[in-house]
Every structure is written in structure tokens, then in C-alpha cells.
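Each remark here refers to the structure printed beneath this line.
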2 protein chains.
Amino acid sequence: MSRKNVVFQKLVNTLLEHVKNHCKTGDYLPSDVSLATQFNVSRTTVRKAIEHLESLDLVRKMDAQKTLLAMPEAHHFFDVSQHSKPKEKLVEEHFISLIQSGKLKPGDKFSELELARQSDTSTVAVREFLIRFSRFGLIEKNPRSQWKMKNFDEAFVDQLYEVRHLFEMHSLSNFLQLPEDSDYWQELNALFIEHKQLSLKMDTDYEDFPRLDHKFHGLLQKAHPNQFINEFYDIISFVFHYHYQWDRSTERERNALAVQEHINIIGKMLMKDYHGATLALEKHLNTAKQSLKKTAIL
Amino acid sequence: MSRKNVVFQKLVNTLLEHVKNHCKTGDYLPSDVSLATQFNVSRTTVRKAIEHLESLDLVRKMDAQKTLLAMPEAHHFFDVSQHSKPKEKLVEEHFISLIQSGKLKPGDKFSELELARQSDTSTVAVREFLIRFSRFGLIEKNPRSQWKMKNFDEAFVDQLYEVRHLFEMHSLSNFLQLPEDSDYWQELNALFIEHKQLSLKMDTDYEDFPRLDHKFHGLLQKAHPNQFINEFYDIISFVFHYHYQWDRSTERERNALAVQEHINIIGKMLMKDYHGATLALEKHLNTAKQSLKKTAIL
DNA sequence: CAACTGTTTTTTATTTATAAAATTCACTCA
DNA sequence: TGAGTGAATTTTATAAATAAAAAACAGTTG
């Protein structure tokens, strides 16, 4: 069998939707090229879609003029509901779920074929995902042998946090050197207020913390971008997200504490108290590290 | 067509070589299992190899006892000379050579198929290599579209050096906190002498510097290992190696300067002069950064 | 000549097939 | 019981095939 023409079908639907909202019968449609760029596909696909519309008697081509003959009806659309997600996504979701449900534990071995079957994809898709995923440093593979979950030991956490410490301290120091009139101070202030608000309704909305956490780090990154630091932060986020799933029982307390620590850090930052902010961040990182060790290490 | 039995053929040759050096006619050979572990292949392959030796009348199996009938001769060996290297390696070498020869420049696009043909491998091998390689941050790809060399601009160098600065300063500081009697001080001293020696014959042996450079960083890493920092150093090394190829004219001066700077740093370290070592390292990193910018940016 | 179209060529994504090699299973014998 | 064997099963590595989609090419027209 060969690949499905999802790009084509999706384009037809998008086109119909677009026509329904912006055109009326008798209008001329834009050129192939502009449609292609507008919907981010190649011209080949656009042409195939237009041909399809012609065969539905919705469009007529005359001398390279595309005339809209009639408005599209519901039955003209492709049923796109059973297009499965991109393979890549399927594999990822399945693999992550295996990890989070504890079916794959540190030290375990697993095969590509097995994953491919379970996630209803091909070994190629699986393998490519695993290669990409291996940058997180959680899996490894020897040639002609299966993949293996690396041991998630204390040394790993220590090394992760060593780097995180370096990076976050660096980001903090950079932020504090921003000029007084930088817009980022405004943003930081807004974030401070958001934290305050969340802290008041923590007992119900504690699941909202990760969003703020992400926003905070995003702000520091935006103020002084660095692709390498940013990439590393992905790893941190993943490892966190990944292991905290194992023990959701203490999530509320953890988040409550973290919010307070964030408020402390941001408060010191807003007061330009470099030393205080550093100490507060130090404390925050340390809490996080201990908490990770407690829940994650077997 | 399907895959070649290289593992098998190589095992046969290794086995013959081993027998030639360690056994004599009439000896019993070790069990399948021990051979398999010794030569790091599966038992299946061992059995196939032994069967092959039987068919050559070199070995006879009786009741699971493997007896050596005769010593192997030259003609028993497989001709392994035309086994091409592993696909992975082929792709890598080809791709790197494209980059180093300047045929692939920042901003260029290239296709998987093209690379596969040129390097005499498959698109799968190419794609897997490219995915792995993309962690260096030098290439990128959109779905359904070709790969593209990222722009190697000043921001990239700055970001690279920002992280390098953080890491190297951190490593230095850790090293200086080693106890007086740590063996690493001895190693550092030996390295100091090596540097001194090289500096005397720099005009002829300047190409030997990268080895020392690598050794220096290796020593710092060994004293305080961190997989994330280590991995990042791979990126640094590669980017360096990669871009310096573009301008070999000044290599001698660059290396001569770098050796002096290393001597300076190590000297200060051995004297436990923290402040001096930091300054010296700072200077070294700065030289390297400027030099990279000068040769690499278009 | 620049934007467009029709046509042709390449390239990517995905599936299938197959031998090599690894792994598992069931059994044997010291 | 535990290391070892023979046979069966699974998995990996690799090639090949094909349709979808992208990109390149060659004209055409305002």
C-alpha cells in the first residue's frame, strides 16, 4: 500500500471553507501560486484540489480563470475525522504513555517492532522518533541490539541540576542587567500579579502552576535568547513532567510551595535585589531537585 | 536484495585468528555461550560460524564437543577487504566532507535522496544520520520539505560561546576544588609538560595541538563528569573542526597562540591561583571566539 | 520581465519483503 | 540446579516499490 493523500484532502476542505466565508458565486479564485503560499502546500497539490472541485462542478476553469460556479455544501467536504494523527505524533504519544504509566521503567529493554505494532505505525517511524528522543539522555541503544531505558539514578539528577543551576543563574543575572525602561520589566510585573492571584486560589487551581512556570522561564529566555539553553530547558521540562506523573499525590503541596518560591524570586527581582533574588532562586532549585530525587529514584 | 552477512564473516575471521594464536590441533573449543560473549555476538552467529568451520574440515563436532582438526590457512579466511564501512559511517563521512569542502554552505538546501546516492547508501540511513546530526543545531527541516543548512551567523557563535563560557568556568572552578592529593593534579602536571614540549617545536608540529586541547578538556571532564556538559563539548568540537577547515592559512599562528594560552591557564591552576586562572581562561575563550567569528562568518 | 500555467522530474513518506542476527524456549545432562 | 545445546521465534537491518507531494522546467501572456 502507499501513503494516503491527507494533504490533498485537507486542502480541499480548507479551500471549501475559505470559499464559503470569503467568496460568492461567480467570483474568480486567486492564482495557483498565491493559493499554494497561502495554505502552505505545493502548487501541485493546489492544482489537484482545483481539479477535484471542477469534477464536483463547483469550479470551472476557462483560460486559466477559475470561476466559482456554486457554493459548497456539507457533502462536498471530505470526511477527515478518521485521518489518524501524523505517525510521528502517534509514536510519541504511545511511548510517553508507556513511560508515564510505569510500563517502561529504568533498566527495561524494548524493541522497535513492538512499539510499532502497539502504536499502529511502522518501525521506521518508531526508530526516527527514538533517535530524536535519545537527546533527552533517557534511552540508549547498541547496534544490532534492542533499546534500553537508561538508569535514572541520583547521578543523573545531580548532573541535570548542575546544568540547570548554571543556566538559570545566568539567565537571572542577565535579566537583572536589562535597562530600566525595558518592556520585559512590565511583563515580569504582570507575571508577579498572576502568581499572586494563583496563590490565593491554590487549593482548587493548583494544576495551573506548570503554565506559569513555563511562562516565567519563557520570559527569561525571551529577554536573552540562547538556542542551546532553550533546548536544554526542553529536557528539564520533559524529565519533570515525566517523573512527576509517578507520584501525583503530593502535587498540590509541591506546586503551592513552588508558587511561593516564584513569588519570592520575582519579588526580589522587581526590587532589583540581586543578592536576594539569587538566594531565592538557589533555594527554589534546591527544593525542586530534592523533590525530584524523592519521587523519581527507585 | 537483503543485508550482507558481515557480522558472520567477520566472526569467522576473528575465530580463525584466535584459534591460530591460542590453540593447537586436537584442542577443544569453548562453549557457544562463552564464545558469543567473548566476541560480542549472538549465539546464533557463533553456531553458524562453527558450522562453517566444520564445512571447511577445520572443526569437528561430537556430542557437543568442538574439536580443532587442523590449523587455519590463509585461504580459509573471508576476504573482508571490500566490506564497505557501516552505512552510518559512510553517510557521515560524505556529509562532513561536503560541509568541509564548502559544497554545502549556510542557507543551502539539500535532499536526502541526493545524499543517499552520493554516499552509496539508502535514504533511511541518510535520514537517520541527519536526525542525529540535527542536534548540532546546524541543519533544520520542515515536514514534506527539504533539509536546509541553518545560517551560521554571529548570534549563533555568541550563543555557543555563552554556554561554553559558563561550562568551562564551571569546570575550572570544580577542578580547583579537588583535594591536594587527587591524582588529577598529577595528570594536569603531565599535561603542562606536554604543552611546554609542544610549544618548543610548534613550527613543525602545530597540527598536534587539537589532541592536547582535547586532552585538556577531557581531563577537566573526567575530574567532574557531567553527561550534558560533555555532550555540549561535542558540539563545540565539531563546530570548530568544521569551520576551521575553511581557513587553514592561519592555523599555525592560531595554534601557537592557543598553546601559550593553555600553558598560561594550566600554570595558574597548578599554582592554585584561582583568580589568575579564571582571567587566563577568560582570555583564551575570547581569543577562540573572535578567531571563530573571523574565519567563519560570511 | 515578472507572474502565471501546463508539464515533467525529483523527492518524500510509507509499505512490503527478506536475510541476518539476536533472543527466547524447551529440553538435556553432569 | 545450572550451564549448555538445538530448534523455533522475534527483531533488526536493508532493499525495493509506489503514490503523494514538492520542485524544476519550459513556455505564455499582459
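A note on names: the letters A, B, ... follow the listed sequences, proteins ahead of strands, and every chain is numbered from 1.
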- Note on the structure: Between CD of Glu112(A) and C1' of dT12(D) the distance, given in whole Å, is 7 Å
- Shortest non-hydrogen pair, Asp108(B) vs Lys103(B), comes out as OD2-O, 3.6 Å
- Message: Students often mix this up, so state it plainly: with edges at 30° and 60°, are the rings of His22(B) and His18(B) parallel, tilted or perpendicular?
- Response: parallel
- Query: Are Lys85(A) and Glu93(A) ion-paired here, with the side-chain N under 4.0 Å from a carboxylate O?
  - Reply: yes
- Message: Strictly below 4.0 Å: does Ser42(A) bring a side-chain N or O up to OP1 or OP2 of dA22(D)?
- Response: yes
- Using atom CE of Met62(A) as one end and atom P of dT5(C) as the other, report the distance to the nearest whole Å. 15 Å
- Which nucleotide in dT14(C), dT5(C), dT23(C) has an atom nearest any side-chain atom of Arg3(A): dT14(C)
- Would you mind reading off the distance between Lys109(A) atom NZ and dT10(D) atom P, rounded to a whole angstrom? 18 Å
- Of Pro143(B) and Pro143(A), the one whose nearest nucleotide on DNA chain D sits closer to the 5' end is Pro143(A)
- Item | 5' priority, DNA chain D, between Glu114(A) and Pro86(B) [closest heavy atom] | Glu114(A)
- Query: Where each residue is assigned the nucleotide of DNA chain C containing its nearest heavy atom, which of Gln146(B) and Asn5(B) is assigned the position nearer the 5′ end?
  - Reply: Gln146(B)
- Rounded to the nearest Å, what distance is computed from the CZ atom of residue Arg43(B) to the P atom of nucleotide dA20(C)? 19 Å
- Phosphate contact (dA22(C) OP1 or OP2) by Thr45(B) side-chain N/O below 4.0 Å: yes
- Item | Gln159(A) side-chain N/O to Gln227(B) backbone N/O, donor-acceptor pair under 3.5 Å | yes
- Query: Rounding to a whole Å, what distance do you find between His83(A):NE2 and dT14(C):C1'?
  - Reply: 15 Å
- In whole angstroms, how far is the P atom of dT5(D) from the CD1 atom of Ile50(B)? 10 Å
- Nucleotide dT10(D), atom C1' - distance to CG of Leu115(A) in whole Å: 14 Å
- Query: OP1 or OP2 of dT10(C) less than 4.0 angstrom from a side-chain nitrogen or oxygen of Ser111(B), does that happen here?
  - Reply: no
- Are Lys87(B) and dA15(D) close enough that a side-chain N or O sits under 4.0 Å from OP1 or OP2? yes
- Message: Does the plane of the ring in Phe133(A) sit parallel, tilted or perpendicular to the ring in Phe95(A)? Use 30° and 60° as the thresholds.
- Response: perpendicular
- Task: Determine the contact category for Val6(B): base if any of its heavy atoms lies under 4.0 Å from a base atom, sugar-phosphate if only primed atoms, P, OP1 or OP2 are that close, otherwise nothing.
- Result: sugar-phosphate
- Rounded to whole angstroms, how far apart are CD1 on Ile131(B) and C1' on dT12(C)? 13 Å
- For dT10(D), does OP1 or OP2 lie under 4.0 Å from any side-chain N or O of Arg117(A)? no
- Message: Check this one for me: any side-chain N or O of Arg144(A) less than 4.0 Å away from OP1 or OP2 of dA22(C)?
- Response: yes
- Query: If each of Val124(B) and Thr44(B) is mapped to the nucleotide of DNA chain C with the nearest heavy atom, which maps nearer the 5' terminus, i.e. the 5' end?
  - Reply: Val124(B)
